[in-house]
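Start at 1 and go down the list; that is how both ligands and their atoms are numbered. What you are looking at is a predicted structure, and each value in this text was computed from that prediction instead of being measured.
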Amino acid sequence: MSVESVEAARHRVVVIGSGFGGLFAAQALGRTDADVTLVARTTHHLFQPLLYQVATGILSVGDIAPATRMVLRKQENTQVLLGEVDHIDLENGTVTSQFLERRTTTDFDSLIVSAGAGQSYFGNDHFAEFAPGMKTIDDALELRGRILGAFEQAELSNDPEEQARLLTFVVVGAGPTGVELAGQIAELSRRTLKDTFRHIDSTRARVVLLDGASDVLPVYGGKLSKKARKTLEGLGVEIQLGAMVTGVDADGLTVKEKDGTERRIESQCKVWSAGVAASPLGKQLAAQSGAGIDRAGRVEVLPDLSLPGYPNVFVIGDMMSLDKLPGLAQVAMQGGKYAAKQIAASLEGQDPSQRPPFKYFDKGSMATISRFSAVAKVGKLEISGFLGWIAWLFIHLLYLVGFSSKMSTLLSWAQAFFSAGRNEMAATEQQVFARIAIERLRHHENSRTAGNGSATEQGAAGTDAAAATDNSDSSPADRKAAG
Ligand SMILES: Cc1cc2nc3c(=O)[nH]c(=O)nc-3n(C[C@H](O)[C@H](O)[C@H](O)COP(=O)(O)OP(=O)(O)OC[C@H]3O[C@@H](n4cnc5c(N)ncnc54)[C@H](O)[C@@H]3O)c2cc1C
């Protein structure tokens, strides 16, 4: 284990996270008289709104995840470091991150924390084994493997019950992500995979969209929710509302109705898109600064997005709680730019007490349901159908980072929307099994460091990795879970 210190001569700004908030903050700091260090646990910026298209074979990883250091290559005052931040010391102005065995401590004069949010299973984290969420590239690729794998297994099965289970896809959560994913799984089965199997009819796959709320896209409400529901039903998606998931296992899930009755849905491929929990770094920041924290783990920031007593520390994006602002890309991007501007103003001598409060400019929100159909809400303006889809197409292209990403995405869209084909239909075993293998390795490492492991360091890790990735050794439950 080594500890290194990254020295800097000028004002030092550390940005945590390379998502919408972090990247836009770092870019806005490009022309300031400061040394900027961006620390993130992935090497890429991720355009999360299009993850579902990676999961369903429309886009490639590269289309939505440009390498952060390539994006920032011309920004000479900025260094990009790979590492997972696990400790922030507000008093001493340090951020400590870890990459493999290496620990790095980076000093800061100003800090912008934009570590985003993860999936929340509302206290049922064990659901994740069989109903993964969709927050990262790994999640999307795993999901692609599970979806396509279920069709492949169904083709091999002669048992009608098993076939039905394999061809039932359940998406939990009818917010924008759930709606988009359910719509795309339906289109995949009805258009892309049609006539590609000889034993099964892919078009008869059951796609269930399930939510405890009383409507799909409840944040849009009224006309748009109805429109979304109608379009989904037209695609053959079964919508089940007022239904709470109470159990998830390899073969299906248990659902509780409003009247308290429970029922079961047999399904191999389940996806969770029902809730979010802010990065655990929020708890550290709250504990050290005395800031409040809301139920989703978001830090209650001051009107200038800083922490009480720490005008040099900003928390933005999905990690911040302010005026009930939603967890949207625009909130993070605008927060990042605002925080960078306040740091630049401080460098020019502005007193933090003179800062204008952060004002969010609502540019609207949108969700696509199928090709040529989307719903969008911009202020009081509501658009749906083809017009909504054009708006969706334009906005997403506009905000994709990098010209080459925009071009390759446009080409992949042309292929997917105007023909039955999709460019990214490959799925590997690693995609599907790696998460389970990595979790086992981590578990093993944790028990070893806690003094429970008996094997040597090298041997133990190697043996467990082999056991976890070798299919012949994986339990039937693992194999089923992997879809
Ligand atoms: C599937 C999906 C679809 C979405 N669709 C839309 C949409 O259509 N429209 C919309 O406006 N919003 C959408 N959102 C929400 C939007 O993506 C988020 O609001 C936005 O990404 C928040 O930006 P952020 O910078 O706060 O966090 P993120 O973009 O999540 O970035 C967090 C960054 O922090 C890094 N990180 C996390 N923890 C650590 C750590 N401990 N150490 C170092 N680095 C760390 C991550 O690797 C990442 O780089 C969607 C989100 C998802 C998951």
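- Note: Tyr399 and Phe20 fail the aromatic proximity criterion, with ring centroids not under 6.0 Å apart.
- When only interatomic distances are considered, the shortest N/O to N/O separation between Ala117 and ligand 1 does not fall below 3.5 Å.
- For ligand 1, one of its N or O atoms has an N or O atom of Ser114 under 3.5 Å away.
- Residue-level proximity to ligand 1 for Leu328 is carried by backbone and side chain together, each with a heavy atom below 4.0 angstrom.
- The number of heavy atoms from other shown groups lying within 6.0 Å of CD (Gln430) does not exceed 12.
- The shortest side-chain heavy-atom distance between Phe358 and Leu325 falls under the 4.5 Å cut-off.
- With 3.5 Å as the limit, one finds no donor-acceptor pair spanning the side chains of Thr136 and Asp138.
- Residues Met425 and Leu188 are in side-chain contact: their nearest non-hydrogen atoms beyond the backbone lie under 4.5 Å apart.
- Backbone and side-chain nitrogen or oxygen atoms of Met134 are examined, and none is located within less than 3.5 angstrom of a nitrogen or oxygen of ligand 1.
- Within ligand 1, counting atoms from 1 as listed, the ones closer than 4.0 Å to a heavy atom of Thr42 are 47 (O).
- For atom 53 (C) of ligand 1, the nearest non-hydrogen atom from the set His45, His44, Lys135, Lys363 comes from Lys135.
- Side chains of Asp63 and Ser405: no donor on one and acceptor on the other come within 3.5 Å.
- Residue Gln330 places no N or O, backbone or side chain, under 3.5 Å from any N or O of ligand 1.
- Ligand-side atoms of ligand 1 in range of Gly317: 26 (O), range being under 4.0 angstrom from any heavy atom.
- Between the Asn92 side chain and the Thr94 main chain, no donor and acceptor come within less than 3.5 Å of each other.
- Looking only at protein heavy atoms, the nearest one to atom 20 (C) of ligand 1 is Phe20 CD1, 3.7 Å.
- Listed for the Lys377 side chain is a donor-acceptor partner under 3.5 Å among the backbone atoms of Tyr220.
- Given atom 28 (P) of ligand 1, the protein heavy atom at minimum distance is Gly19 CA, 4.0 Å.
- When hydrogens are left out, the protein atom nearest atom 42 (N) of ligand 1 is Val85 N, 2.8 Å; that is the closest non-hydrogen contact.
- With a 4.0 Å heavy-atom cut-off, ligand 1 is reached by the backbone of Ala115 and by its side chain too.
- Below 3.5 Å of separation, one finds an N or O of Gln48 facing an N or O of ligand 1.
- Taking the side chain as every heavy atom from C-beta outward, Leu328 and Tyr360 approach each other to under 4.5 Å.
- Residue Arg41 has at least one N or O atom closer than 3.5 Å to an N or O atom of ligand 1.
- Side-chain atoms of Gln288 and Tyr310 include no donor-acceptor pair closer than 3.5 Å.
- Ligand 1 has Gly83 within reach: a non-hydrogen atom of the residue lies less than 4.0 Å from it.
- For the pair Asp318 and ligand 1, the shortest N or O to N or O distance falls below 3.5 Å.
- Under a 4.0 Å N-O distance rule, the pair Asp139/Lys135 does not qualify as a salt bridge.
- Annotation: atom 23 (O) of ligand 1 to nearest protein heavy atom, Ala332 CB, 3.3 Å.
- Judged by the shortest distance from any of its heavy atoms, Pro176 lies outside the 4.0 Å radius around the atoms of ligand 1.
- If you check which protein heavy atom lies closest to atom 13 (C) of ligand 1, you get Pro49 CG, 3.8 Å.
- Taking a cut-off of under 4.0 Å to the non-hydrogen atoms of Gly116, the atoms of ligand 1 that pass are 26 (O), 27 (O), 30 (O), 32 (C).
- A donor-acceptor contact closer than 3.5 angstrom is absent between the side chains of Arg69 and Gln75.
- Residue contacts with ligand 1 include Ala40, since one of its heavy atoms falls under 4.0 Å from the ligand.
- Counting heavy atoms under 4.0 Å from ligand 1, residue Leu281 touches it through the side chain alone.
- The distance from atom CG of Leu29 to atom CG of Leu347, rounded to the nearest 0.5 Å, is 9.0 Å.
- The heavy-atom pair separating His44 from Thr42 by the smallest distance is O-OG1, 3.0 Å.
- Nearest protein heavy-atom contact of atom 35 (C) of ligand 1 is Gly17 CA, 3.8 Å.
- At most 12 non-hydrogen atoms from other residues, nucleotides or ligands lie less than 6.0 angstrom from NZ of Lys227.
- Of the polar atoms of Ala329, at least one N or O is found under 3.5 Å from an N or O of ligand 1, judged by distance alone.
- For atom 15 (C) of ligand 1, the nearest non-hydrogen atom of the protein is Gly327 O, 3.6 Å.
- The residue among Val113, Val54, Thr177 with a heavy atom at the shortest distance from atom 3 (C) of ligand 1 is Thr177.
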